[in-house]
Amino acid sequence: MSWIDIGAIDDIPIRGARKVKTRDGCLAVFRTDESTVYATSNTCPHKGGPLSEGIVHAAKVTCPLHNWVFDLETGEAQGADDGRIKTYPAKVEDGRVLIDASVLGQRAA
Amino acid sequence: MKKLVIIGAGMAAGRLVEHVSEAGGWDITLFNAEPRGTYNRIMLSPVLSGEKTYEEIVTHDAAFYEDHGVTCRFGERVSGIDRAAKVVHAPNGDVAYDKLVIATGSNPFIIPLPGHDLDGVIAYRDLEDTERMMSMTKGTRAVVIGGGLLGLEAAAGMQARGIDVTVVHLMGHLMERQLDEAAGYLLRKELVGRGINVLVSTNSQEIMGENGKVTALRLENGTEIPCDLLVMAVGIRPATAIAAEAGLAVGKGIHVDDTMTTSDADILAIGECIEHDGQIFGLVAPLYDQAKVAAQTLNGDAAAFVNRETATKLKVTGCDLFSAGDFAEGEDREDIVFRDPARGVYKRLVLQDNRVIGAVLYGDTAEGGWFHGLIKDKTDIAEMRDTLIFGPAYQGGAAMDPMAAVAALPADAEICGCNGVCKGQIVDAIEGGAADLGAVQATTKASSSCGTCTGLVEQLLAVTLGDAFELPTAKPVCGCTDLTHEDVRRLIKSSELKSQAAVWQELGWTTPNGCHVCRPAVNYYLLADWPAEYQDDPQSRFVNERKHANIQKDGTFSVVPRMWGGITNATELRAIADAADKYNVPTVKVTGGQRIDLLGVRGEDLPSMWADLNRAGLVSGHAYAKGLRTVKTCVGTDHCRFGTQDSTGLGVKLEKTLWGSWTPHKVKMAVSGCPRNCAEATCKDVGIVCVDSGYEIGVGGAAGMDLKEIEPLVKVATEDEAMEWVIAFVQIYRENAKYLDRPYKWIAKVGLDWVQEWLGDDAERARLVAAFEFSQSIYQKDPWAERAREEEAEKFQPLADLTLEAAE
């Protein structure tokens, strides 16, 4: 697996997220505690809401448009809602956030 | 006999000397820069606090060394190693070796702040440091930089000696490497309870001194903490200088392989100075393993060091803390959390694939060893998952008590704020025969006014009477708790809960940090009740309030600058028009609140649009906030032939006073200049209709999903009185209402009579006005101006733009 450095962990607020632009759309990178990150698609499968703007709790995020809740580990919508967001491997190393190069689509190194 | 020279006589070396002398065949020379033999460095903390003496912690005394024929060179710092000649250089004479072991340990990291070399600035590493701390007399002051294991032990030890201690910690909670936020909160509570001042999320800037001696620590925010001693406990770094100078392979630490051999076959290294497989060491258990492996290697036996799981125990008497493994949240991981607010207990297990991979225990660490065993052995716990958190002795005891929070309250906790009735009085009444809510109300007056504490009184009935009382079902806040909003609000006040962590722990929340329903509510209750102590948490706010703009269906935003009382001028209109052009705004619309809305603005453009609007004097209209929205006006005596008072003037004054305040739900007001009511004041949260003799103030209107006319609150003669009553009303609403209840819903619950009674009391009205002004001194600021600043504007941009890379 090759990794891309996308920024410093401290640029993401705890229980918050930042966006990453890619050719195939935006990703959301969530920070659930001091040193844990998740990377997922930024787009809610319901009506396209920006998940990086949602409230983050435990290891989940709530879409700000209509309150769909997604588990950041599996990408699955919770409760009665049916849907899934794409997840990507992400990790923190030496204070930097690294995501899997597969987010670049066909152009992985 | 072969010659073995050991540089360093710390705990790793001490164990090595034991193993080697047992095996025999070596003539040992032991160097130590410290002027003493091996002692249990870990026990310096009990020595500091006075619980032990130095003599009691010495592990190898003069007799031991003599018995084992060890040549001691204590107080001598080795100056260099000649590897070719196999000789160690030292001030009192060189020593030749067949094998050399480097065990130089770590150096405490000293932050290179200005003033770090003043007299009175020390680390916490050896006996000299400990004795320096012990030499401080009662009533002197000390600052400890570093809220990790060592820093807290230093702080607790000094506090036990009567020293006034302040701990300054960079991160958001104490011991963040070993503890999660919840356990960090409990630890902090314990230390603060002992009189230790704790500052987290705090950065140091400079150490101040006079005549070469430390006098204070200045923080990044400008405050200064005076002190007579400053202890730096911010980490250790392997002491590798001597190895590096000798040409050995050194990274973070001295590189060794599994046999503890360095890049020179005749030189080994053990302890905190080494780096093995990328790891460096700070806890003792692995060091003892390393000493054993090194001894075997020296003996010519095959041996390999394997780094195993170590647990952390905080050695502060009275702080029961245990941490092991990996407790960060992660892929395929689950949490089991147990909280017992009454006993101040928090336990959390992190599971992955049916195995325990991490554990944090605070307040009850008896099972620490057992959980640690499960971690080390990678035991499959699928069968005992349901009862796992209760430890090895669980035999199926009583079910969890959902009313633990109320049961844990002390007798003097105020339950009924209206009538000043505390828990003890209510319990006494119940035990004296009051068996239902009515009886409690009759005998104590609790719950007989606004009724918001009814839920708590019923819980007290249940806790005191047990099965004899049936609890009526009330709607809890969300899935994280059984408590209602009113319960939570009251408990935040009576238990003085001033942080989210306090709420989760003391009220027994079933999740680590709430959910999208309760966290915004709890954030509001905390900032309303404790404006000076609690810091608003942007991550607990809905996106609109975080971005200070309304999110639209396509992810763009709407920007509404304030128009005070609905009045504008050419400059403001030009600025709005220019912004519409510059940012290609698709829709410009006039709102019902008498102002202009720019719709379809991209999130990335918000900070610069705000800066442009700010330049024309425009500020945020809070069109998205649970706060004051607008004060609509009609033209009044300024222009209108029917105007009885200056409704526009009053409207503008009200808006200028009330803007920026956070409220349980949005607040909309209007001031009409005469009973023709052109400003539609009669359907607002607060509506003022001016008449010839003064101002008729009404509250509780609605014109949304519900349609409701205002009810008369009071009539006053002067504009100043009108301001006073409106401000007091807003504040009493802020202090008492359930989050997301508009004023009309809240008034329906507590009754207008109740509101009038409180506001009618001159002293209470004055208190409410002062409380509101105090809150505004903290919260009334333009959020746009704050976020248009460069460092803040950055955060509106994506963290990274990979489209550029991909385009190469």
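We name chains A, B, ... by the order of the sequence lines, and we start the count at 1 in each one.
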Less than 4.5 Å apart, any side-chain heavy atom of [X] and any of [Y]?
X: B/Leu802; Y: A/Ile4; answer: yes
X: B/Thr511; Y: A/His57; answer: no
X: B/His516; Y: A/Val69; answer: yes
X: B/Gln539; Y: A/Ile14; answer: no

Mind listing the closest non-hydrogen atom pair of [X] and [Y] along with its distance?
X: A/Arg23; Y: B/Thr803; result: N-CG2, 3.5 Å
X: B/Asn513; Y: A/Ala58; result: OD1-N, 2.7 Å
X: B/Glu794; Y: A/Arg18; result: O-NH2, 3.3 Å

How many angstroms lie between atom CG of A/Asp11 and atom CG of B/Leu799, to the nearest 0.5 angstrom?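 Atom-to-atom, A/Asp11:CG and B/Leu799:CG are 6.0 Å apart.
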Counting distance only, does the side-chain N/O of A/Arg15 pair as donor-acceptor with the main-chain N or O of B/Ser540 below 3.5 Å?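 Flag not set: sc A/Arg15 to bb B/Ser540 has no pair under 3.5 Å.
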So what's closer than 4.5 Å to chain A heavy atoms on B/Lys553: side chain, backbone, both or neither?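 Backbone of B/Lys553 only, per the 4.5 Å heavy-atom cut-off to chain A.
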Below 4.5 Å from any heavy atom of chain A, which atoms of B/Glu604 appear? Answer side chain, backbone, both or neither.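 The side chain, not the backbone.
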Name the member of B/Gln797, B/Gln552, B/Glu181, B/Arg546 that forms the most heavy-atom pairs with chain A at distances under 4.5 Å.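 With the most close heavy-atom pairs to chain A, the winner is B/Arg546.
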What residue, out of A/Gly16, A/Ala8, A/Gly7, has the most heavy-atom pairs lying under 4.5 Å from chain B?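 Result: the option with the highest number of such pairs is A/Gly16.
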Pick one: which of B/Ile551, B/Thr556, B/Val543 meets side-chain contact (heavy atoms from CB on, under 4.5 Å) with A/Pro50?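 The single option meeting the side-chain contact (heavy atoms from CB on, under 4.5 Å) with A/Pro50 is B/Ile551.
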